[in-house]
Amino acid sequence: MTLAELSGAYEASALLLRNRLRELRHQLQGSRDPEEIWHLKRRIAELTPILTQMNELADLTAHYY
């Protein structure tokens, strides 16, 4: 696998994470249950740095050479 191909894979993964985070934020807006809100916020907090890393890796592998 080339770095360009790897970059595309990171971009695809980032897109999936971005969509999932959008879904979680939408669920959070509609939730009234404190326990569910806590779990949603926790999951968002866990996924956000992963998305940042995916974006950084996609950029790094796309422009490595």
Side-chain angles (χ1 to χ4, degrees):
M1 179 178 269
T2 67
L3 288 176
E5 292 169 336
L6 193 57
S7 177
Y10 283 128
E11 287 177 8
S13 294
L15 179 61
L16 293 172
L17 277 170
R18 200 173 297 114
N19 290 338
R20 181 63 180 141
L21 281 165
R22 188 176 300 119
E23 291 172 5
L24 291 171
R25 289 183 183 113
H26 186 264
Q27 287 178 354
L28 182 61
Q29 288 177 347
S31 180
R32 299 278 185 232
D33 179 20
E35 187 173 336
E36 182 182 16
I37 291 170
W38 183 84
H39 285 288
L40 290 168
K41 285 183 177 182
R42 181 172 176 211
R43 190 65 180 146
I44 290 168
E46 291 170 347
L47 292 178
T48 300
I50 296 171
L51 175 60
T52 301
Q53 290 173 348
M54 287 290 170
N55 288 327
E56 289 172 355
L57 287 168
D59 187 53
L60 177 68
T61 53
H63 302 101
Y64 187 73
Y65 293 110

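One-based numbering along the sequence shown.
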| request: Quick one: which residue pairs count as a salt bridge (charged side-chain N to carboxylate O under 4.0 Å, His left out) with a foot in residues 13-31, not counting sequence neighbours? | output: Arg20-Glu23

| Taking only residues two or more places apart in sequence, or in another chain, which ones meet Thr48 in a side chain to side chain donor-acceptor pair (under 3.5 Å)? | none

| task | List in chain and number order the residues that pass side chain to side chain donor-acceptor pair (under 3.5 Å) with Glu11, two or more places apart in sequence or in another chain; answer none if no residue qualifies. | result | none

| message | Can you give me the closest heavy-atom contact between Ala62 and Ser7, atom names plus distance? | response | CB-OG, 3.3 Å

| task | Could I get the full list of side chain to side chain contact (heavy atoms under 4.5 Å, CB included) partners for Leu17, not counting sequence neighbours? | result | Leu47, Ile50, Leu51, Met54

| Are Tyr64 and Tyr10 co-members of a hydrophobic cluster defined by side-chain heavy atoms under 4.5 Å apart? | yes

| request: Could you state whether Leu3 and Leu57 fall into the same hydrophobic cluster, counting links through intermediate Ile, Leu, Val, Met, Phe, Trp or Tyr residues with side-chain heavy atoms under 4.5 angstrom apart? | output: yes

Residues 33-42, side-chain donor-acceptor partners within the protein, below 3.5 Å, at least two apart:
unit_1 : atom_1 : unit_2 : atom_2 : d
Asp33  : OD1    : Glu35  : N      : 3.4
Glu36  : OE1    : Ser31  : OG     : 2.9
Arg42  : NE     : Glu46  : OE2    : 3.4

| request: Test side chain to side chain contact (heavy atoms under 4.5 Å, CB included) on Glu56 and Leu60 and set out the steps. | output: CA-CA 6 Å; Glu56 289 172 355; Leu60 177 68; over 6 Å; no

| said: Under the criterion side chain to side chain contact (heavy atoms under 4.5 Å, CB included), I'd like the reasoning laid out for Thr2 against Glu5: C-alpha separation, chi angles, the key distance, then a yes or no. | reply: CA-CA 5 Å; Thr2 67; Glu5 292 169 336; 3.2 Å; yes

